[in-house]
Amino acid sequence: MTWITVLLTALLLGAIIYWLLIVSEGVYLGSRVVIALYNHSAREYDQIKGVMPHQDAIHLARPLLKALQATEGKKVLDTATLVLDVATGTARLPISLLRQFDFDGRVVGLDLSAPMLRVAQTRLQARKSTVAWVLDTAVRLPFADGSFSAVTCIEALELLPDPNQALAEMTRVLRPGGCLMITNRVGVDGFFYPGRSFRPQTLESRLRKLGHADITTRRWQTHYDLIDARKGPANRP
């Protein structure tokens with residue numbers, strides 16, 4: 001084996017390791033690796049992701065509130081409105097939602113990373129009466145059918161052990177007429193998640209089969225689409 005062959009082999013192995021651990025965030029190495037990576041980066045996560053609260057208010061919280069207000073027929077959403085944020089991480093969406101003047105509802109944040117949930121809990125300590133934290137998996141949600149007015153999953157669907165099963169579970173715990181808001185990795189990034197990201201048409205078709213209607217897909221970030229849908233009254237996931 002020549003030194004050129006050795007060099008090329010090393011470069012190839014390095015590229016594969018970089019893809020497995022950095023680009024695809026460990027998802028093809030199993031849930032334990034994904035959780036370990038998030039556990040390690042919990043305190044720096046928002047900095048790494050470049051989270052911008054003002055943008056989240058405009059592009060996440062307000063669209064969700066508009067959909068909920070239309071569904072529930074209320075301008076100010078009260079404690080009867082219950083939102084589940086799947087793979088909540090450091091509470092990006094709960095924080096944005098609870099800051100809105102016309103939202104007096106409650107939020108449940110679910111994640112499999114205990115360090116991420118501890119950061120989330122600290123950040124929302126002042127709102128602890130309106131938010132709850134659950135350490136559990138997204139592919140077997142520990143809630144009864146039809147428990148939530150809305151279910152969200154932001155920048156995480158492709159990282160879940162079984163995205164299709166997770167979508168079915170999110171649908172199951174959503175009330176008839178309830179709002180689903182999720183993201184889908186697209187563009188060049190989508191190619192780095194084979195079997196986990198969806199073509200837009202494929203995802204919309206999957207949601208329709210789960211019983212969703214009024215599905216809208218729009219580009220949200222460079223590498224993500226944002227999808228809104230409403231669970232039909234006769235849904236049978």
Side-chain angles (χ1 to χ4, degrees), residues 13-64 83-100 107-128 130-139 141 151-161 163 166 170 181-193 196-197 219-226:
L13 287 173
I16 292 172
I17 292 170
Y18 183 80
W19 169 64
L20 286 172
L21 290 177
I22 307 300
V23 177
S24 63
E25 302 179 57
V27 70
Y28 296 101
L29 298 175
S31 295
R32 290 185 180 180
V33 175
V34 175
I35 298 307
L37 291 173
Y38 277 91
N39 289 348
H40 179 72
S41 63
R43 293 183 181 277
E44 298 81 26
Y45 178 77
D46 285 356
Q47 271 187 306
I48 294 170
K49 296 294 289 186
V51 173
M52 295 181 287
H54 178 67
Q55 293 296 318
D56 285 347
I58 295 172
H59 299 294
L60 285 177
R62 296 314 306 175
L64 179 60
V83 176
L84 170 65
D85 186 37
V86 174
T88 193
T90 57
R92 178 181 178 182
L93 185 132
I95 287 171
S96 185
L97 191 58
L98 290 166
R99 284 176 175 169
Q100 304 306 305
V107 182
V108 175
L110 177 141
D111 206 282
L112 258 180
S113 169
M116 295 284 272
L117 286 180
R118 282 196 290 270
V119 173
Q121 186 175 23
T122 299
R123 296 179 70 190
L124 278 170
Q125 184 64 26
R127 299 296 302 271
K128 61 183 179 181
T130 55
V131 63
W133 309 108
V134 178
L135 182 68
D136 215 323
T137 177
V139 296
L141 293 172
V151 178
T152 61
C153 183
I154 305 302
E155 294 190 15
L157 185 62
E158 68 277 11
L159 302 176
L160 302 179
M170 290 183 229
M181 176 183 282
I182 59 174
T183 57
N184 181 39
R185 186 89 68 149
V186 294
V188 175
D189 261 27
F191 290 106
F192 292 109
Y193 288 86
R196 291 180 172 275
S197 63
R219 185 56 60 91
W220 178 57
Q221 293 183 5
T222 305
H223 303 298
Y224 282 101
D225 280 347
L226 186 69

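Given the structure is predicted, the values throughout are model-derived calculations rather than measurements.
- Going from atom CZ of F191 over to atom OG of S197 covers 8.5 Å, rounded to the nearest 0.5 Å.
- Looking at L141, V134, V107, T152 one by one, the single match for side chain to side chain contact (heavy atoms under 4.5 Å, CB included) with L84 turns out to be L141.
- T130 places a side-chain N or O within donor-acceptor distance of the main-chain N or O of R127, the cut-off being under 3.5 Å.
- In terms of modelled atom types and a separation under 3.5 Å, the side chain of S113 and the main chain of M116 share a donor-acceptor contact.
- Between V34 and E25, the shortest heavy-atom distance links the atoms CG2-O, 3.5 Å.
- Proximity of D56 to R92: side-chain heavy atoms (C-beta onward) are separated by under 4.5 Å at one or more points.
- Of the possible donor and acceptor atoms, one in the side chain of R123 sits under 3.5 Å from a partner among the backbone N and O of T90.
- No donor-acceptor pair closer than 3.5 Å links the side chain of R185 to the backbone N or O of Y193.
- For the pair V186 and W220, the minimum side-chain heavy-atom distance is 4.5 Å or more.
- For the pair R219 (side chain) and T222 (backbone), a donor-acceptor distance under 3.5 Å is present.
- Separation of atoms OH (Y224) and CD (E155) is listed at 4.5 Å; rounding is to 0.5 Å.
- Inter-residue side-chain proximity for L110 and D85 is flagged as unmet; no heavy-atom pair is nearer than 4.5 Å.
- Between the side chains of D111 and T88, no donor N or O sits under 3.5 Å from an acceptor N or O.
- Of the possible donor and acceptor atoms, one in the side chain of R196 sits under 3.5 Å from a partner among the backbone N and O of L160.
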